[in-house]
J.: 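The structure follows.
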Amino acid sequence: MNELIEKCYENKLNREDILKALSLNKDKASLLFQCSEKITTSLSKIVHIRGLVEISNICCRNCNYCGVRAKNTKIQRYKMPLEEIFDLSLEMDKQGYKTIVMQSGEGNLYNPKEMADLIKNIKSNTNMAVTLSFGEHSLDDYKLWKEAGADRYLLRHETANSNHYSYLHPDGTLENRMNCLYNIKNLGYETGVWGMVGSPRQTLENLVEDLEFIKIFEPAMVGIGPYIMHNDTPFKGEKNGDIFLTLKVLSLVRIITRDAYIPATTALASIGNDGYKKGLKVGCNVIMINRTPEKYKKLYEIYPNKRCVKEDSDTIRKEIEELILSSGRVSL
Ligand code: 5AD
C-alpha cells in the first residue's frame, strides 16, 4: 500500500497501479487524496474562477446520456443572439471574471465567421480569456476561431475506448473525436478533455485507458463529473455515477498531470453533498460559475437538478468564494 502511494508521489504509476488505486477502499483512499491535495497546493493555492455561458442548447447529435440530444423533443430550444453574448461578456468582465467559457450543442448553429467576429470583439473589449466548447468542427473553423483570439477549447473525449465510445454515441466515432482533439491541440489551443465517471457499461479498465490517454495527450485541462441519469434519454433508468470513484479519478488525474486545470464540476456538485468542497480536497483547482442568463439556464438540461439552476449566479459565486477560502485556498 505504502509502495503504491510512494509511486503516486513520484508519478511512476503503471496500468496495474492505476487499477489498484481505483479500487482502494475509503480508509486507504485518504492517503491517495492527501497526495493529490499536496501536489496541488505545493504548486499553487489558487482556484481559478471561470464564467460559463451556455449560448445554445440546439444540438445535432444524439448522445445516449445527454438531455439536450437532438431527438429529445420535450425541451424548448434557444440560441442566444451574438449581441446578447457580447453584452454579457462586458458585464462579466466588469464583475471580475478572468475567463468566459462559451458552450453550446453541436452543429452549425452560428455562422463561423460571425462567431470569429464575436471572439475578436470580446478579446478587444475585455481582459478575459476566451474558452470555446462547441463540439466537433472542421479544422478550418477551429483555425478561424484560434486566429480570432480564442485561447482554449474544451472537447471532452468522453471515453478512450472505441467500443464504449460507440455505445455512448450512436452517431459518432472515437477516431473523429481524437482527430478533432489533435487538430485543436496542434493549433495551439490550451485543450481540455475527458467526460463522465460511471456512464453505462464503463469499466475500471476503461478508466485506466482514459488515464493512460491523459498521460500521452498531456491536456491543459481535464473536466470530469459523475454520470447523472436523464429520464428523456435512451439511458433512462440507469444508475448515476459514484461520487467516491469520481474523487479517486480526479485525484489520479492530478497525480498524473501535476499542473492541469481540473475543475470541481457542476455535475459533482449536483449529486450528493459538498461536491465542490470534496473536489477541492482531492486537487481540483478550477470552479466554473454558470453565467447563462436566467431565462435560458433551465433549458440547458444535459442532466436533471443541475446545481446552478436553483440559485442565481451572484449567490453561487459568493458561496464558492467563501468555500475556497475556508478550504485554505485563494480564488482568482
Ligand atoms: N450526466 C453527466 N454529464 C453529462 N454530460 C452530458 N450529459 C451528461 C449526463 N447525463 C457531460 C458530457 C458532455 C458535457 C457537456 O456534459 O461529458 O461532454
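All ligand and atom numbering here is 1-based and tracks the order in the structure. What you see is a predicted model; the values in this text were computed from it and never measured.
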J.: Can you tell me how far apart CD1 (Ile58) and CG (Leu299) are? Round to the nearest 0.5 Å.
T.: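 Nearest 0.5 Å value for the CD1-CG distance: 11.0 Å.
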J.: Using the side-chain hydrogen bond (donor to acceptor under 3.5 Å, both in side chains) criterion, which residues pair with Lys20? Sequence neighbours excluded.
T.: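 Scan of Lys20 (side-chain hydrogen bond (donor to acceptor under 3.5 Å, both in side chains), adjacent residues dropped) gives none.
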J.: Can you tell me which residue pairs pass the salt bridge (charged side-chain N to carboxylate O under 4.0 Å, His left out) test with a partner in residues 175-199, sequence neighbours excluded?
T.: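 Salt bridge (charged side-chain N to carboxylate O under 4.0 Å, His left out) check on residues 175-199 returns Glu106-Arg177, Glu136-Arg177, Arg152-Glu190, Glu158-Arg177.
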J.: For atom 16 (O) of ligand 1, find the nearest protein heavy atom and state the residue, atom name and distance (0.1 Å precision).
T.: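 Looking at atom 16 (O) of ligand 1, the protein heavy atom closest to it is Ile302 CD1, 3.5 Å.
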J.: How does Pro226 reach ligand 1, if at all, at less than 4.0 Å between non-hydrogen atoms: by side chain, backbone, both, or neither?
T.: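 Pro226 to ligand 1: backbone contact only, side chain stays beyond 4.0 Å.
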J.: List the closest protein heavy-atom neighbour of atom 9 (C) of ligand 1: residue, atom name, distance to the nearest 0.1 Å.
T.: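 In this structure, atom 9 (C) of ligand 1 has Ile228 O, 3.5 Å as its nearest protein heavy atom.
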J.: Among protein heavy atoms, which lies nearest atom 7 (N) of ligand 1, and at what distance?
T.: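 Checked against all protein heavy atoms, atom 7 (N) of ligand 1 sits closest to Tyr65 CD1, 3.3 Å.
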J.: With heavy atoms under 4.0 Å as the rule, classify the contact between His230 and ligand 1 as side chain, backbone, both or neither.
T.: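 Under 4.0 Å from ligand 1, His230 contributes no heavy atoms.
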J.: Only heavy atoms count here, so choose which of His157, Glu106, Arg156 is nearest to atom 14 (C) of ligand 1.
T.: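 It is Arg156 whose heavy atom sits nearest to atom 14 (C) of ligand 1.
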J.: State plainly whether the residues Lys306 and Glu54 are in salt-bridge range, i.e. N to O under 4.0 Å.
T.: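 Yes.
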J.: To the nearest 0.5 Å, how far apart are NZ in Lys318 and CD1 in Ile320?
T.: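 Here the interatomic distance stands at 13.0 Å.
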J.: To check your reading of the model: name the closest protein heavy atom to atom 4 (C) of ligand 1, its residue, and the distance in Å.
T.: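 Result for atom 4 (C) of ligand 1: Met196 SD, 3.5 Å.
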J.: In terms of side-chain geometry, is the basic nitrogen of Lys297 or Glu294 positioned less than 4.0 Å from the acidic oxygen of its partner?
T.: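 Answer for the salt bridge query: yes.
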J.: Can Glu158 be said to touch ligand 1, with heavy atoms closer than 4.0 Å?
T.: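 A heavy atom of Glu158 does come that close to ligand 1.
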